[in-house]
S.K.: 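Got a structure for you, questions after.
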Amino acid sequence: MVADRWEDHYTRRARDEKWLARSVYKLQEVDRRFGLIRAGDRLLDLGCFPGSWSQYCIRRVGPKGEVAGVDLKEPDRLGAANFTFIKADVLSLDIGRLAEKIGPQDVVVSDLAPQTTGIAVSDVSRSLELAGRAMAIASATLKTGGHFFCKVFEGEGTQAFRQEISCRFHKSRIVRPAAVRKASKEIYILGLHLLDRTRGS
């Protein structure tokens, strides 16, 4: 039997702990460090397949909270009553209709990633396009004081995107969770406490 070259400690741990994917540990680490998710929150998960982030968020928000997931492919093992799946391509999604459907959110998380080409400049550009779209969705759905957590590939344009986040939130951080694979270019940008856009500077 040929070993899976992607198999690692986090993969085995996720299987043992019944998580749908190893990526759960990236979100879990940041949640524990920064208090991202609270019981009773309403949370939007962009790029939710295969479902480990939504699975984790469902547990964290509890029965009084709500989680909505958006992706082209539906996670097949999420049966919680407080989980809503929306099948859509985020790049063509009607953001206004989404906001009406799910209502104001406390947290928006995005693990969106492009199909990679191996050409770094192209992959970073596509990743930033998705991150920008995630930010646009967050801007339309987050409550004042809400949080945003988003994956992006590190490269040209990343700092400008981080600067945009820092202008919209009280605090921003660049985070590289321990579960990110060593060879990966992915980092995460965290925006804490969305500023009140109705107030003057």
Side-chain angles (χ1 to χ4, degrees), residues 21-38 41-57 60-61 67-72 86 88-93 95 98-99 102 104-116 120 123-181 184-195 197:
R22 68 183 295 288
S23 56
V24 68
Y25 299 113
K26 304 170 190 178
L27 178 59
Q28 183 185 69
E29 177 185 328
V30 171
D31 182 33
R32 288 177 174 176
R33 284 176 61 189
F34 297 98
L36 192 64
I37 306 166
R38 298 170 300 179
D41 275 352
R42 299 177 70 178
L43 182 146
L44 176 62
D45 180 7
L46 301 173
C48 66
F49 185 85
S52 66
W53 279 26
S54 286
Q55 183 186 15
Y56 175 79
C57 293
R60 290 288 290 123
V61 303
V67 175
V70 177
D71 208 309
L72 286 167
I86 300 166
D89 181 342
V90 295
L91 294 176
S92 57
L93 179 68
I95 296 178
L98 174 68
I102 65 174
Q105 301 292 294
D106 297 288
V107 185
V108 173
V109 297
S110 171
D111 204 28
L112 292 165
Q115 291 289 333
T116 54
D123 291 342
V124 169
S125 176
R126 293 179 181 187
S127 173
L128 283 167
E129 180 184 17
L130 290 169
R133 187 66 171 172
M135 183 65 245
I137 293 170
S139 294
T141 57
L142 272 180
K143 300 175 182 177
T144 297
H147 308 317
F148 177 59
F149 182 56
C150 177
K151 178 162 75 181
V152 67
F153 293 167
E154 191 171 16
E156 186 175 354
T158 304
Q159 285 297 332
F161 181 67
R162 193 270 173 93
Q163 183 61 34
E164 181 182 355
I165 300 299
S166 69
C167 290
R168 300 188 185 199
F169 291 83
H170 181 63
K171 294 181 180 178
S172 68
R173 298 284 188 276
I174 292 179
V175 186
R176 185 177 167 90
V180 172
R181 297 184 191 276
S184 175
K185 287 288 189 180
E186 70 182 45
I187 59 173
Y188 289 81
I189 299 182
L190 176 66
L192 295 170
H193 308 293
L194 180 69
L195 297 172
R197 287 160 292 181

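The model shown is predicted, which means the values in this text are computed figures rather than measured ones.
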S.K.: Can you check whether C150 reaches M135 side chain to side chain, under 4.5 Å on heavy atoms?
M.R.: no
S.K.: Is it the case that the side chain of R133 and the backbone of V90 share a donor-acceptor pair, with hydrogens and angles ignored and the cut-off at 3.5 Å?
M.R.: yes
S.K.: Are side-chain heavy atoms of C57 and D45 found at a separation under 4.5 Å?
M.R.: no
S.K.: Could you check whether any side-chain N or O of R173 sits under 3.5 Å from a backbone N or O of L192, counting only pairs where one atom can act as donor and the other as acceptor?
M.R.: no
S.K.: Measuring from W53:CH2 to C48:SG, what's the distance to the nearest 0.5 Å?
M.R.: 11.5 Å
S.K.: Can you tell me how far apart OG1 (T116) and CZ (F153) are? Round to the nearest 0.5 Å.
M.R.: 6.5 Å
S.K.: Verify, without hydrogens or angle tests, whether R60 (side chain) and L36 (backbone) share a donor-acceptor contact under 3.5 angstrom.
M.R.: no
S.K.: So how far is it from D71 CG to I86 CD1, rounded to the nearest 0.5 Å?
M.R.: 11.5 Å
S.K.: Roughly how far apart are I137 CD1 and L112 CG, rounded to 0.5 Å?
M.R.: 7.5 Å
S.K.: Under a 4.5 Å cut-off applied to non-hydrogen side-chain atoms, are V24 and Q55 in contact?
M.R.: no
S.K.: Nearest 0.5 Å, please: how far is NE2 in H147 from CG in L194?
M.R.: 10.0 Å
S.K.: Can E186 and K26 be counted as an ion pair, charged N to O under 4.0 angstrom?
M.R.: yes
S.K.: Output the distance between atom CG (L44) and atom CG (L142), rounded to the nearest 0.5 Å.
M.R.: 8.5 Å
S.K.: Measure from the side-chain N and O atoms of D41 to the backbone N and O of D106, and report whether any donor-acceptor pair falls under 3.5 Å.
M.R.: no
S.K.: Using every non-hydrogen atom in the two residues, find where S127 and V152 come nearest and quote the distance to one decimal.
M.R.: OG-CA, 3.3 Å
S.K.: Without swapping roles, check the side chain of R22 against the backbone of A179 for a donor-acceptor pair under 3.5 Å.
M.R.: yes
S.K.: If we ignore hydrogens and angles and just use 3.5 Å, is the side chain of Q105 paired with the main-chain N or O of L43 as donor and acceptor?
M.R.: yes
S.K.: Considering residues, nucleotides and ligands other than E154, do more than 12 of their heavy atoms fall under 6.0 Å from its CD?
M.R.: no
S.K.: Any chance you could lay out the side-chain contact (heavy atoms from CB on, under 4.5 Å) test for V124 and E156, step after step, and finish with the verdict?
M.R.: CA-CA 7 Å; V124 169; E156 186 175 354; 5.5 Å; no
S.K.: Could you tell me whether the side chain of S110 and the main chain of K151 form a donor-acceptor pair under 3.5 Å?
M.R.: no
S.K.: Answer yes or no: is there an ion pair linking D123 with K185, defined by an N-O contact shorter than 4.0 Å?
M.R.: no
S.K.: Run through F169, F34, Y188 and flag the one making a ring pair (Phe, Tyr, Trp, His ring centres under 6.0 Å) with F149.
M.R.: Y188
